[in-house]
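Down below is the structure, laid out as structure tokens.
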Amino acid sequence: MLKAASASQTNHSPLLRRKQGFGYYLQRDWQLYLLVMLPLAFVIVFKYLPMTGLVIAFKDYKIARGFWGSEWAGLQVFQDLFAKPDFIRAVRNTLLLNVLDLCFSFTMPIVLALLLNEIKSVRFKRINQTVLYLPHFLSWVIIGAIAYQLLSEGGGVVNNLIELMGGTRIPFLQQDTNWLISYLVIGVWQSMGWGTIIYLAAMSGINPEMYEAATVDGAGRWKVWNITLPSIRATIVTLLIMALGKVMDGSFERIYALQNKATTEYTTTIPVLVYRWGIESGNFSRATAIGLFQSVIGIILVISADRVAKKLGEDGIL
């Protein structure tokens with residue numbers, strides 16, 4: 001018995017495990033490695049291989065000549081890009097819309113999750129969650145159509161009600177400042193219900209004894225949030241880091257569904273320029289260059305935010 005136990009300990013020693021190479025684990029867990037192959041192949045084929053097309057940003061790309069047959073332009077495409085007035089305007093609008101979106105669309109799911117977590121009726125809580133999640137499953141084309149049916153200045157339902165009550169019609173989507181406010185409100189409505197899922201899942205892992213101890217100490221419902229918020233801080237920081245990486249991105253579908261000819265001040269963003277220059281004008285080099293610029297800035301923001309989070313004592317994501 002002692003010899004068997006000694007042999008077992010020897011076989012499971014860290015030194016022996018260190019000597020066992022990849023072949024040993026492949027033979028032992030080949031079914032798991034086989035399952036991993038399909039998503040890994042998907043990422044390689046559809047995520048990494050298309051990155052070879054980034055060479056277009058450094059060439060005077062002609063479709064007839066292909067990637068490698070087109071003439072090399074170096075950084076000339078980027079120099080022409082940075083000199084365009086539309087580029088400066090697009091960067092400004094992209095930062096403005098995404099920073100405002102970060103302030104409202106990122107914080108509202110946290111507030112909503114805190115409120116839903118305080119609801120004691122399980123049935124009422126589930127009904128509210130279902131109603132709030134539904135907008136996430138609507139495409140922006142449908143949301144844009146609904147928005148114009150409700151908020152249009154000429155025949156929108158909301159303006160009709162305002163006029164019936166003796167007020168004047170408001171150009172919600174036909175004036176730049178009002179369009180910006182409507183854009184943010186619609187974005188919060190569309191995303192806040194879905195965003196609460198992660199926070200509610202994080203709250204479900206909080207020890208109930210902490211709430212019981214706080215109640216015994218005389219803490220009210222508002223003070224109980226002093227327990228909930230620190231407990232989900234790691235989740236908030238992780239999602240914030242991921243959201244910061246999209247500050248230079250933006251939703252093309254959202255802007256395209258809500259834009260119109262009367263409001264052009266804030267609708268020129270980086271994704272819109274990629275579409276105009278790449279699809280409509282056929283200038284693939286310039287469109288690729290602005291997309292590459294956007295991605296590099298996003299990576300820098302993610303790495304910077306991750307390092308700041310680690311210095312503040314959080315785990316980060318990298």
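Heavy atoms only: backbone and side chains are in, while hydrogens, waters and symmetry mates are out. All values reported here derive from a predicted model rather than from experimental measurement.
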| message | Looking at Arg65 and Glu71, is there a salt bridge between them, counting it only when a charged N and a carboxylate O are closer than 4.0 Å? | response | yes

| Nearest heavy atoms of Asn159 and Arg169, plus distance in Å | CB-NH1, 3.2 Å

| message | Around atom CE of Met51, are there more than 12 heavy atoms from other residues, nucleotides or ligands closer than 6.0 Å? | response | yes

| said: So, taking the atom named CG in Leu150 and the one named CG in Leu161, what distance separates them when rounded to the nearest 0.5 Å? | reply: 9.5 Å

| Below 4.5 Å, heavy atoms only, C-beta onward: do Trp140 and Phe252 meet side chain to side chain? | no

| query | Any sub-3.5 Å donor-acceptor pair from Ser70's side-chain atoms to Lys62's backbone N or O? | reply | yes

Below 3.5 Å, can you tabulate the donor-acceptor pairs from side chains in residues 178-188 to any protein atom, sequence neighbours excluded?
| unit_1 | atom_1 | unit_2 | atom_2 | d |
| --- | --- | --- | --- | --- |
| Asn178 | ND2 | Pro171 | O | 3.2 |
| Trp179 | NE1 | Leu258 | O | 2.8 |
| Ser182 | OG | Phe172 | O | 3.1 |
| Ser182 | OG | Asn178 | O | 2.9 |

| For Gln27, does the CD atom sit with more than 12 other heavy atoms under 6.0 Å from it, leaving out its own atoms? | no

| message | Tell me the closest heavy-atom pair linking Asn160 and Gly154, and the distance in Å. | response | OD1-O, 4.4 Å

| Do other residues, nucleotides or ligands put more than 12 heavy atoms under 6.0 Å from Ile198 CD1? | no

| query | So Phe284 and Tyr61, would you call those rings parallel, tilted or perpendicular, with 30° and 60° as cut-offs? | reply | perpendicular

| request: List the steps, then state whether side chain to side chain donor-acceptor pair (under 3.5 Å) holds for Asp80 with Gln76. | output: CA-CA 6 Å; Asp80 296 340; Gln76 185 62 42; 3.0 Å; yes

| Within a radius of less than 6.0 Å around CD of Glu280, do more than 12 heavy atoms belonging to other residues, nucleotides or ligands occur? | yes

| Linking I/L/V/M/F/W/Y whenever any side-chain heavy atoms sit under 4.5 Å apart, do Ile63 and Trp68 land together? | yes

| field | Validation row: Thr168, Ile162 side chains within 4.5 angstrom (heavy atoms) | value | no

| task | Answer whether the closest heavy-atom distance between the side chains of Leu40 and Ile44 falls below 4.5 Å. | result | yes

| query | Do other residues, nucleotides or ligands put more than 12 heavy atoms under 6.0 Å from Phe124 CZ? | reply | no

| field | side chain to side chain contact (heavy atoms under 4.5 Å, CB included) evaluation trace for Thr263 with Gln259 | value | CA-CA 7 Å; Thr263 54; Gln259 71 176 357; 5.5 Å; no

| query | Would you call the rings of Trp72 and Phe58 parallel, tilted or perpendicular, where under 30° means parallel and over 60° means perpendicular? | reply | parallel

| query | What pair of heavy atoms forms the shortest contact from Arg286 to Leu81, and how long is it? | reply | CG-CD1, 4.0 Å

| query | Ion pair present between Lys310 and Asp306, side-chain N to carboxylate O less than 4.0 angstrom? | reply | yes

| Would you say Glu253 and Val141 make side-chain contact, with heavy atoms under 4.5 Å? | no

| query | Which pair of heavy atoms, one from Ile110 and one from Tyr199, lies closest together, and at what distance? | reply | CG1-CZ, 3.6 Å

| said: Test your reading of the model: is there a side-chain donor-acceptor pair from Ser152 to the backbone of Gln149, 3.5 Å cut-off? | reply: no

| task | Before accepting this row, confirm whether a basic side-chain N of the pair Glu265/Arg92 lies closer than 4.0 Å to the acidic partner's carboxylate O. | result | yes

| Does any non-hydrogen side-chain atom of Val302 lie less than 4.5 Å from one of Ile241? | yes

| task | State the OH-CZ distance between Tyr266 and Arg89, to the nearest 0.5 angstrom. | result | 10.5 Å

| Are more than 12 heavy atoms from other residues, nucleotides or ligands located less than 6.0 Å from atom CZ of Arg307? | no

| query | Going through the checks in order, is the side chain to side chain contact (heavy atoms under 4.5 Å, CB included) test met by Leu32 and Val36? | reply | CA-CA 6 Å; Leu32 299 178; Val36 171; 5.6 Å; no

| In the single-linkage hydrophobic clustering (I, L, V, M, F, W, Y; side-chain heavy atoms under 4.5 Å), do Ile236 and Val99 co-cluster? | yes

| task | For Lys125, look at atom NZ and say whether over 12 heavy atoms of other residues, nucleotides or ligands are found less than 6.0 Å away. | result | yes

| query | Is there a donor-acceptor pair under 3.5 Å between the side chain of Thr196 and the backbone N or O of Gly193? | reply | yes

| Cluster question for you: counting only ILVMFWY and a side-chain heavy-atom cut-off of under 4.5 Å, with indirect links fine, are Tyr33 and Tyr24 together? | yes

| said: I'd like to know if Phe137 and Met192 are part of one continuous hydrophobic network [Ile/Leu/Val/Met/Phe/Trp/Tyr, side-chain heavy atoms within less than 4.5 Å]. | reply: yes

| field | Side-chain H-bond candidate by donor/acceptor type, Tyr148 with Asn260, under 3.5 Å | value | yes

| message | Is the shortest side-chain heavy-atom distance between Ile170 and Val158 below 4.5 Å? | response | no

| message | Working to the nearest 0.5 angstrom, can you tell me the gap between Asp101 CG and Thr94 OG1? | response | 12.0 Å

| query | Taking atom CD of Gln129 and atom CG of Leu132, what is their separation to the nearest 0.5 Å? | reply | 8.0 Å

| task | Could you walk me through whether Tyr275 and Tyr256 pass ring pair (Phe, Tyr, Trp, His ring centres under 6.0 Å), step by step? | result | CA-CA 10 Å; Tyr275 173 77; Tyr256 207 73; 5.5 Å; yes

| If we only count heavy atoms from C-beta on, is the Val43 to Pro39 side-chain gap below 4.5 Å? | no

| note | Separation between CG (Leu273) and CZ (Phe87), nearest 0.5 Å, reads 9.0 Å

Which atom pairs, one a donor and one an acceptor, fall under 3.5 Å between side chains of residues 291-300 and the rest of the protein, sequence neighbours left out?
| unit_1 | atom_1 | unit_2 | atom_2 | d |
| --- | --- | --- | --- | --- |
| Gln294 | NE2 | Asp249 | OD1 | 2.9 |
| Ser295 | OG | Gly291 | O | 3.0 |

| task | Can you measure from NZ (Lys246) to CE (Met248) and round to the nearest 0.5 angstrom? | result | 15.5 Å

| query | Can you name the closest pair of heavy atoms from Ile255 and Thr267 and give their distance? | reply | CG2-O, 3.6 Å

| task | I would like to know whether Leu240 and Leu102 meet side chain to side chain contact (heavy atoms under 4.5 Å, CB included); could you show each step before the answer? | result | CA-CA 9 Å; Leu240 179 60; Leu102 192 64; 4.3 Å; yes

| message | How about CZ on Phe104, more than 12 heavy atoms from neighbouring residues, nucleotides or ligands closer than 6.0 Å, or not? | response | no

| Under a single-linkage definition using a 4.5 Å side-chain heavy-atom cutoff for Ile, Leu, Val, Met, Phe, Trp and Tyr, are Ile143 and Val131 assigned to the same hydrophobic cluster? | no

| Closest contact, heavy atoms only, Asn93 versus Thr268 | ND2-O, 3.0 Å

| request: Show your reasoning for whether side chain to side chain contact (heavy atoms under 4.5 Å, CB included) applies to Leu200 and Ser204. | output: CA-CA 6 Å; Leu200 288 173; Ser204 65; over 6 Å; no

| request: Answer whether the closest heavy-atom distance between the side chains of Lys59 and Val77 falls below 4.5 Å. | output: no

